[in-house]
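Some notes on the structure that comes next.
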Amino acid sequence: MKRETLIWTIILLVAGAYLVGRTMRGHMGRAYVIERDHKTVLAAKHEPGARLSIKHTLGLWMAAIFTLCVLSFLYRDNVFYKFAESVLVGVSAAYWMVVGFWSTVVPNLLGKLMPKLVQSWAMPGLEGKRQLAFIVPLVLGILLLWRLSPRGGWIARWPLAFIIGTMAGFRLVAFLQADFLSQINNTIIPLLVMHREQLDVAQSIKNLLIVVG
């Protein structure tokens, strides 16, 4: 096992040295940007006004290295794949946590409890008045965080039960109105269909089959 790890380490070092050498000669691995319409966008190396971007270049190399680490799983599970997997999961979780905080918690919770503070701090265009009823979801959210405590984990069951029960109730009402009641309404049809004062035998048989079914 140690010998195999040593072999893979040598291969990666040789490949890394080759890529670094190609980069130093200016053939690859560099990202250039240009100012266009008051925005910084990627550009070709020979485009007029293009300049080297250290930030985008580092991002390019990180993407290439992590891609190679993920593809190394095609051979077998290894430490490079595990490292790339952990970084991907961690960064993704952190990113969506930040997005959820700014797109949900700030406008829909803090913006309802402290609208003036949120307007002056984060969202100048936010409108609305203070609604103290949103203290309830704030308390439930804090109780959910007790799941992280080794001794108070049972406290998180109460808000979780409330959320599940509330969503089940909303879904049940929506299902009754959209599916159940509409299906009943569609089966309230005449068993004998008259067309121009004559019995429509085919349609009557269809209606009879629907009602019986």
Within 6.0 angstrom of M114 CE, more than 12 heavy atoms from elsewhere: yes
Gap between atom CZ of F180 and atom CG of L172 - 0.5 Å precision: 10.5 Å
Smallest separation among heavy atoms of G128 and P115, with atom names: O-CB, 3.8 Å
Flag side-chain contact, heavy atom, 4.5 Å: W154 against W146: no
Test ring pair (Phe, Tyr, Trp, His ring centres under 6.0 Å) applied to F162 - qualifying residues, sequence neighbours left out: none
Spacing of OG1 belonging to T187 relative to CG belonging to N185, to within rounding of 0.5 Å: 7.5 Å
Side-chain touch Y81/D77, heavy atoms, less than 4.5 angstrom: yes
Pairs flagged by salt bridge (Lys or Arg N to Asp or Glu O under 4.0 Å) wherever residues 99-117 is involved - sequence neighbours left out: none
Connected hydrophobic set around V41, excluding itself, where side chains approach under 4.5 Å: I34
Greater than 12 external heavy atoms within 6.0 Å of M194's CE: yes
Identified side-chain contact (heavy atoms from CB on, under 4.5 Å) counterpart of I135 within the set L140, L109, L113: L113
Joint hydrophobic cluster, L208 plus I210, side-chain heavy atoms closer than 4.5 Å: yes
Listed once per pair and sorted, the side chain to side chain donor-acceptor pair (under 3.5 Å) pairs that draw on residues 128-138, sequence neighbours left out: none
Pairwise distance CD1(I54) to CZ(R51) - rounded to 0.5 angstrom: 10.0 Å
Taking every non-hydrogen atom, the tightest pair across L191 and S204: O-CB, 3.4 Å
Approximate separation, where rounding is to 0.5 Å, of I189 CD1 and Q203 CD: 7.5 Å
Gap separating the CG atom of L138 from the CG atom of L110, nearest 0.5 angstrom: 7.5 Å
Residue list, side chain to side chain donor-acceptor pair (under 3.5 Å) with R147, at least two apart or on another chain: none
Cluster check F134, V139: I/L/V/M/F/W/Y, side chain < 4.5 angstrom: yes
Pairwise distance SG(C69) to CG(N78) - rounded to 0.5 angstrom: 8.0 Å
Trace of the side chain to side chain donor-acceptor pair (under 3.5 Å) decision for D179 with Q183: CA-CA 6 Å; D179 296 332; Q183 291 181 9; 5.4 Å; no
Hydrophobic cluster identity match, W158 and I163, side-chain contacts under 4.5 Å: no
Closest approach of N207 to P190 (non-hydrogen atoms, all atoms of both residues): ND2-O, 2.9 Å
Co-members of V99 in a cluster of I, L, V, M, F, W and Y side chains, linked at under 4.5 Å: Y95, W96
Any L88 side-chain heavy atom under 4.5 Å of S92 side chain: yes
Closest contact, heavy atoms only, P107 versus F101: CD-O, 4.4 Å
Check: H56 and L42 side chains under 4.5 Å, non-hydrogen atoms: yes
Heavy-atom closest pair, residues A44 and A50: O-CB, 3.4 Å
Shared hydrophobic cluster, V98 / M123 (ILVMFWY, side-chain heavy atoms < 4.5 Å): yes
Working for side chain to side chain contact (heavy atoms under 4.5 Å, CB included), residues F83 and F66: CA-CA 9 Å; F83 174 74; F66 280 113; 3.6 Å; yes
Flag if over 12 foreign heavy atoms under 6.0 Å of CH2, W61: yes
Shared hydrophobic cluster for L132 and V118 (ILVMFWY, side-chain gaps under 4.5 Å): yes
Aromatic ring pairing W121/W102, orientation class (parallel under 30°, perpendicular over 60°, tilted between): tilted
Nearest non-hydrogen partners of A31 and L52, listed with the distance: O-CD1, 3.4 Å
